Amino acid sequence: MITTDLLALLPIITLTGVILVVMMVIAFARNLALTCLCCSIGLALTLAAIAWVSINLEPQYVTPLIVVDEYALLFSSIIVIGAFFICLLAYSYHADRGENQDEYLMLMLLSTLGGIILAHSAHFASFILGLELVGVSLYAMISYPVRGFFSLEAALKYLILSGVSSATLLFGIAFLFAVTGSLSFQGMADATAHMEHASVFVLIGATFVLAGIAFKLSLAPFHMWTPDVYEGAPAPTTAFLATVSKGGIFAVLLRFFVSFDGFRFEAILESLFWVALLSILVGNILALMQDKIKRVLAYSSIAHIGYLLVGFLAASAVGGKQLAIEASMFFLIAYFVTTIGAFGVVTIMSGSTESEHDTDQLSQYEGLFWRRPLLATFFSAMLLSLAGIPLTVGFIGKFYIFAAGVQSGLWQLLAAVVVGSGIGLYYYLRIIFSMTKQPVSEDEIDIPLAGGWALGMVSVLLVVLGVYPTPVVEWVTSVARALT
Amino acid sequence: MTMILIMLTLFIGGLAAWMIEGWNRDLPRWISIASITLAALLLVPLLDAPVEMLPLAHGVSAPWLEYINVPWIPRFGISFVFAIDGLSLLLVALTIFLGFVAVLSSWSEIEKRPGFFQFNLMWTLAGVVGVFVSLDLFLFFFFWEVMLIPMYLLIAIWGHEKKSYAAMKFFLFTQVSGLIMLVAILALVLVHYSQSGVLTFNYFDLLGHSIDPDLAFWMMCGFFVAFVVKLPGFPFHSWLPDAHTQAPTAASVLLAGILLKTGAYGLIRFTVPLFPDAAAEISTLAMSLGAIGILYGALLAFGQSDFKRLVAYSSVSHMGFVLVGVFAWTELSIQGSVMQMVAHGFSTAALFMIAGALQHRLHTRNMNEMGGLWQEAPRMGAIAMFFIVASLGMPGLGNFVGEFLILLGAFAVNKWITILATLGLVTGAMYALMSLQKVFQGEREYPHKNGGISMPDFGMREMIAMIPMMIGLIYIGVYPQPVFDLVNPVLASLYELTGTNNKTWVGVLP
């Protein structure tokens, strides 16, 4: 291993170092504020390391497992930025609870590390490594509030189902390995390059791999765990699960498909088509029937990953790859911003509750506009962004998806997106409407400093990127160009 | 620059009104008045601004008063293209004027969060102004959606008993049809890109390209649906009665006065010029829809006992004329449509204000509980009569000019549909006069039913809003030439661009 290799790994090394430091800090002083400070400084350092690597180093492989390129750095930076905001929110959430919550943040950093490794992985070994690092930390993060039964239930559910899906994934990888004799994405691509049609084993392998990934991304019909886990987990964990974990896995999926050129296999595309269609419809329709904000957001996230898949599938058309990859990446960034913001509001609302549930009943948000105008405005902005209304980043994201879909002529999927967005509007607007009602309770809602700032920054980001997305657009354009 | 300044004035005025609410509850509406006045003053220099000829396509040029093009998202060739011509200027002026009326009509009606109310009002106005002056299709779509949210909030927060349902329906209809338009916009842009290698959303570049007829037909449908939902044309009108009835007075004024016009504007500016052949293909269908809308709207209006609902259905009927006029696409009929838009803006806004005033005083919109109000409120009665006869198409008032020109122009294109549409003038008289009778004439019923509520007449503030609209209607009814002078060069260029040769009328206008 030479120096440039180590330098290229700088973000991963930095974050690992930070995790060790945080562990030591917790061992010496149990002080949540201090831990949170260390974590956020650590994440900022990691981001700086990412920026340094992206400016100073050429794209390169570090061992066959890890590839450090613009693509990896883009996903790493959105994962780290997301983790930064969730860290602040988590601090506010746990600060009032008066239990020993310090390790929570450390687990979160570990999981973030897993996400970064996923973004860098070019090999199934590093993929599994990152995946399990994300997953194992998440089990603990979901069950963290020990006072309630629900989070334990959620954690158990996630543990078992996630284990099963990992097994499925490994099984599929074994098939692919049997055919190609390689575990690296590039190796597999080379070994299958001559195939016009996928052989049976490749198909079986790819199906199992996709099923495992679809489970982690909570795509229909592998979505059953999502609402329960989202509901049972503490709000910051839910935010983390919905963004960092899914973002990392999507990064692998996209990279694998682009280098493997999975888009040439009709059968795989067809199954992904149905998965996307089902996710959009199932997510949106089931969200209609929910009365809990977290469950609504869970189903809407199923639908959103479905939209993301539309952008992804657009890469199958001739000449559509560049735009499709851009669209997927931009949509994912928009999804990050919006989801963190939406769960951020739930986090802050739940901050001072004594109940074992988070504050997520729709009725608890009634009259929020008059009780906490700013919080309600933030939440409305998030919901409108989820609905894809202009002035928000969600609009640009959805526009990108539409552009990619039209470019590749995916008319059925676009129709599903239009129908889905229409249904989606109904339940987002229902929340906004209930916030405008006369308040029923006059309970004081405290907005904690750290969480409030985090939410404020996310909201500003949401609007700024919605009005002037050009810098991010240029970024994803150049990354997509480098990837294809 | 003027357009951007106007929008900024409204955006910032709205924010200021919201911010100041915590400090003083009366100031927000004054801030609104001030920013609207400022916006109006900004508009004045454009009235005699020098005209710049910009090429559209096929060697046709159009006169523009202002044109700005600043890159926004270069990746997609999206720019801030703000341009204003006579047509836009007329509609922007109408918007600002009706904004003024809306603020006056909400003067004492809004108790809850007056600052936030004014904020939403101002942002709706700014969004509509944006729609009228954006000539980049992405930017247009952007404003098209932006104006929805504040309007949604106006209905959802300050509306009447079924506000949640009405607001939701309004938003869903417009948003979903808007997304269909977005798909059409993208398809158009990509087709243009594949032909010319230039990725752009600029209206001027997209005009006049030959597209595969099948594809053009579907794209045209995407635009058509979005605009006809907004217009609203039969059978997409069902959101309108609910939204209008449940909205607070000021929001009804804006909805009927200007939001509906964005649909008509879109048809004139985008649907037909971008896809002339495809539009010609469905022109018979569209005109039939218009004629059905005229009669169906009138029929339903006649059946209402709720005064606001009656006015709402009368809007469906009147906007049906616009649809007929646009799709007849003769020079006369388009002129008539524009005139109808302006006249309908005045008359319906005024009628909604009267409905709002009645509801504010009597706490009911049910016409069966009213009657004989003229005795106690003679000013209100007289004004109501004025606007009711205006809306039924009395010669000498603006609506007559519009409807007459539409029918005259459309007759040359399709006799039978025009004859059917003409029946609308008769049915219009029926419901309009019926409402006048029920509310202002006959026995005085309301004291018995409402426990002797006093019925104050129109005050100073309401007269200030009403009198300019009356003058306006009389003016364009008697001497419509200035309006035609303003919009004719624009319409003529669009007309020339689409290359239709329906020159069957006897040339009367320059």
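The structure presented is a predicted model; accordingly, all values stated were derived computationally and were not measured. Chain naming here is simple, since letters A, B, ... match the order of the sequence lines and numbering starts at 1 in each.
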Exercise. With respect to chain A, which residue among B:Ile78, B:Ile180, B:Val183 yields the maximal number of heavy-atom pairs within a distance under 4.5 Å?
Worked result: B:Val183

Seminar exercise, completed: Pair count under 4.5 Å, heavy atoms only, with chain A: among B:Phe142, B:Phe143, B:Phe116, highest is B:Phe142

Measuring heavy-atom distances to chain A, does [X] have an atom under 4.5 Å in its side chain, in its backbone, in both, or in neither?
| X | result |
| --- | --- |
| B:Phe76 | side chain |
| B:Ile73 | both |
| B:Leu153 | side chain |
| B:Trp218 | neither |
| B:Leu148 | neither |
| B:Tyr193 | neither |

Pairwise distance [atom1]([X]) to [atom2]([Y]) - rounded to 0.5 angstrom:
| X | Y | atom1 | atom2 | result |
| --- | --- | --- | --- | --- |
| B:Leu172 | A:Ser421 | CG | OG | 11.0 Å |
| A:Lys398 | B:Leu179 | NZ | CG | 7.0 Å |
| A:Thr436 | B:Tyr152 | OG1 | OH | 6.5 Å |
| B:Ser164 | A:Arg430 | OG | CZ | 9.5 Å |
| B:Met168 | A:Leu429 | CE | CG | 5.0 Å |

By a 4.5 Å heavy-atom criterion (distance strictly below it), what part of [X] contacts chain B: side chain, backbone, both, or neither?
| X | value |
| --- | --- |
| A:Val418 | both |
| A:Ala387 | backbone |
| A:Phe369 | both |
| A:Thr392 | neither |
| A:Trp411 | side chain |

For this session: Could you check A:Phe399, A:Tyr400, A:Phe402 and say which one makes a ring pair (Phe, Tyr, Trp, His ring centres under 6.0 Å) with B:Phe138?
Result: A:Phe399

Please tell me if the side chains of [X] and [Y] come closer than 4.5 Å, counting only heavy atoms from C-beta onward.
| X | Y | result |
| --- | --- | --- |
| B:Gln175 | A:Ile389 | yes |
| A:Leu384 | B:Glu145 | no |
| B:Val146 | A:Leu391 | yes |
| B:Lys163 | A:Phe433 | yes |

Problem set entry | CH2/A:Trp453: more than 12 non-hydrogen atoms of other groups inside 6.0 Å | no

Exercise. Are the aromatic rings of A:Tyr426 and B:Phe171 close, with centres under 6.0 Å apart?
Worked result: no

Seminar exercise, completed: Residue from A:Val406, A:Val473, A:Ile432 scoring the most non-hydrogen pairs under 4.5 Å with chain B is A:Val406

Exercise. Is the backbone of A:Thr470 close enough, under 3.5 Å, to the side chain of B:Trp72 for a donor and an acceptor to pair up by distance?
Worked result: no

